[in-house]
Trainee: 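Quick one: structure below, then a few questions.
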2 protein chains.
Amino acid sequence: MTLPDGRRQILSFLLPGDIVSTVLLFEPVSQCSVEAITEVHYRIFNRNELKDLLLKHPYLSDKLFRLWIDEKARANQLAVDLARSTADERIARLILNLFDRLARRGMARDQTIDFPLRQHHIAGATGLTVVHVNRVLSEFRRASLIETNERSLTILDPIGLRRAANM
Amino acid sequence: MTLPDGRRQILSFLLPGDIVSTVLLFEPVSQCSVEAITEVHYRIFNRNELKDLLLKHPYLSDKLFRLWIDEKARANQLAVDLARSTADERIARLILNLFDRLARRGMARDQTIDFPLRQHHIAGATGLTVVHVNRVLSEFRRASLIETNERSLTILDPIGLRRAANM
DNA sequence: CGCAAGGTTGAAGCGCATCAATGTAAGTGG
DNA sequence: CCACTTACATTGATGCGCTTCAACCTTGCG
């Protein structure tokens, strides 16, 4: 989401299989924009076909509600994190979060995940400055919580990182 | 929403006519709790009856989607505000927001609204401490932006307050 | 009266922003 | 192949915004 003053807030990172937002399934609302960091495969839905389909197959509605519930829960959690957490906690949670979501997709090996985010993406998602993101990541590396190669990230000390995240 | 450490984050203030959350219409999920500040009139829905009703009357589904869209938009805006605004902006926005929502319901007279919130509620909603909320409100009063009586609030300088809110 | 809830004010300090400089690697055109 | 640029990461110095801690005041209430 881009602010009037040109800054931006990243509200979520989409992983393979995610839909952009349940809201968009019904209305072409564009409070926000979507940007690709990696190569992307995507598909689109025809809104009218989708509505007909939902009326015909109630079990699809149930699946949709589930998505909706999850989306709202994550939105709430995001607000809480942004309002109540320190920089360390926000960044540690972001990493753990991405790790869990990728692991659930079988996209984590050992404790390592692909990590195409630049520091300014982390800053955009956590509401911090790039400079401070850099310091926190350096601190995490110095404490041997994580290790970062060019485009991947390894969690060396899951317990320590979870402690930093206050989780 | 109550945090593990006992603090809480207020995600929204419900006004007459609001539903608690569209999510709750379909699943008894309770990530959050609801607390009454004033006397309250409420009604409840039977989830199964509601689902049947929605299948029979598509125009109801449309209304529901509208609620859903608004709810998500407000959740996003909340995250952005919490991540990117100063204390002054957050508090000014909270006041302007409540004022607009009440005005739309015909519940504002002149520039005055009922305002049953205590300072700790404002703190809970903005992610600030009570002490700082107090200072900001004092500042707003000194600058003649607002005036507060026991349980009401008057916007003396809408333009100035909007400027403080960065809107 | 004593107590609880809410509001106000001051002093001190930390967390993060801001500003600025420096480094490195990859890409681009002459 | 070199000069230049662009993107990203890193580091230091300084300061503001907000928290924290603490005290004190007012009001309403059992």
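Protein chains get the first letters and strands the later ones, always in sequence-line order, with residue 1 at the start of each. Since this is a predicted model, take the numbers as computed values, not measurements.
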Trainee: So, is B:T129 near the phosphate of D:dC18, with a side-chain N or O under 4.0 Å from OP1 or OP2?
Mentor: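 For B:T129, the contact criterion (side-chain N or O under 4.0 Å from OP1 or OP2 of D:dC18) is not met.
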Trainee: Whole Å only: how far is the CD1 atom of A:I146 from the C1' atom of D:dA9?
Mentor: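 Between C1' of D:dA9 and CD1 of A:I146: 14 Å.
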Trainee: Could you check how far CG of B:D88 sits from P of D:dC18, rounded to whole Å?
Mentor: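 Rounded to the whole Å, the gap is 7 Å.
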Trainee: Assign the ring pair A:W68 / A:F65 to parallel, tilted or perpendicular, where the plane angle (0 to 90°) is split at 30° and 60°.
Mentor: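 If you compare the ring of A:W68 with that of A:F65, the planes turn out tilted.
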Trainee: Send over the distance from A:E89 CD to C:dG15 P, rounded to a whole Å.
Mentor: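 Rounded to whole Å, this separation is 11 Å.
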Trainee: Can you measure A:F140 atom CZ to D:dT10 atom P for me and round it to whole angstrom units?
Mentor: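 So the two atoms are 14 Å apart, to the nearest Å.
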Trainee: Report the nucleotide, chosen from C:dT9, D:dC18, D:dT11, that has the shortest atom-to-atom distance to any side-chain atom of A:V131.
Mentor: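 Of all the options, the side chain of A:V131 is nearest to D:dT11.
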Trainee: Nearest whole Å is fine: how far is C:dA17 P from A:R7 CZ?
Mentor: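 Rounded to whole Å, this separation is 10 Å.
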Trainee: Is it the case that the base of C:dT18 and the side chain of A:R135 share a donor-acceptor contact (distance under 3.5 Å, atom types as modelled)?
Mentor: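 Flag set: donor-acceptor pair detected.
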Trainee: The test is salt bridge (charged side-chain N to carboxylate O under 4.0 Å, His left out); show your working for B:E89 and B:R163 and say whether it passes.
Mentor: CA-CA 9 Å; B:E89 289 166 358; B:R163 191 174 333 109; over 6 Å; no
Trainee: State whether B:F45 and B:R47 meet the cation-pi test: NZ (Lys) or CZ (Arg) under 6.0 Å from the six-membered ring centroid, and within 45° of the perpendicular axis.
Mentor: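 No.
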Trainee: Is the phosphate of D:dT10, meaning OP1 or OP2, less than 4.0 Å from a side-chain N or O of A:R141?
Mentor: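 For A:R141, the contact criterion (side-chain N or O under 4.0 Å from OP1 or OP2 of D:dT10) is met.
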Trainee: Nearest-nucleotide wise, let me know which of B:H121 and B:S138 is further upstream toward the 5' end of DNA chain C.
Mentor: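 Per heavy-atom nearest nucleotide, the more 5' residue is B:H121.
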Trainee: When the distance from CD1 of A:I122 to C1' of D:dA9 is rounded to whole Å, what number comes out?
Mentor: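 From A:I122 CD1 to D:dA9 C1': 12 Å.
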Trainee: Give one of base, sugar-phosphate or nothing for A:L137, where a contact means two heavy atoms less than 4.0 Å apart.
Mentor: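 Touches nothing.
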Trainee: Quick check on C:dG7: is either OP1 or OP2 less than 4.0 Å from any side-chain nitrogen or oxygen of B:N134?
Mentor: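 The answer is no; no side-chain N or O of B:N134 sits under 4.0 Å from OP1 or OP2.
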Trainee: Between A:T154 and A:Q111, does any side-chain donor sit less than 3.5 Å from a side-chain acceptor?
Mentor: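 Their side chains do not contain a donor-acceptor pair, so the 3.5 Å distance test is not met.
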Trainee: In sequence, state the C-alpha distance, the side-chain angles, and the governing distance for A:R162 and A:D157, and then conclude on salt bridge (charged side-chain N to carboxylate O under 4.0 Å, His left out).
Mentor: CA-CA 9 Å; A:R162 211 156 254 117; A:D157 179 359; over 6 Å; no
Trainee: Please determine if a side-chain N or O atom of A:Q119 lies less than 4.0 Å away from the OP1 or OP2 oxygen of D:dT10.
Mentor: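 Checking D:dT10 against A:Q119, a side-chain N or O does come within under 4.0 Å of OP1 or OP2.
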Trainee: Figure out the CD/P separation between B:E150 and D:dT27, and round it to whole Å.
Mentor: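 Rounding to the nearest Å, CD of B:E150 and P of D:dT27 are 10 Å apart.
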Trainee: Give a yes/no answer on whether the side chain of B:R151 brings an N or O atom under 4.0 Å of OP1 or OP2 in C:dG6.
Mentor: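 Negative; the distance criterion is not met.
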Trainee: Rounded to whole angstrom units, what separation is found between the NE2 atom of A:H132 and the C1' atom of D:dA13?
Mentor: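 A:H132 atom NE2 is separated from D:dA13 atom C1' by 16 Å.
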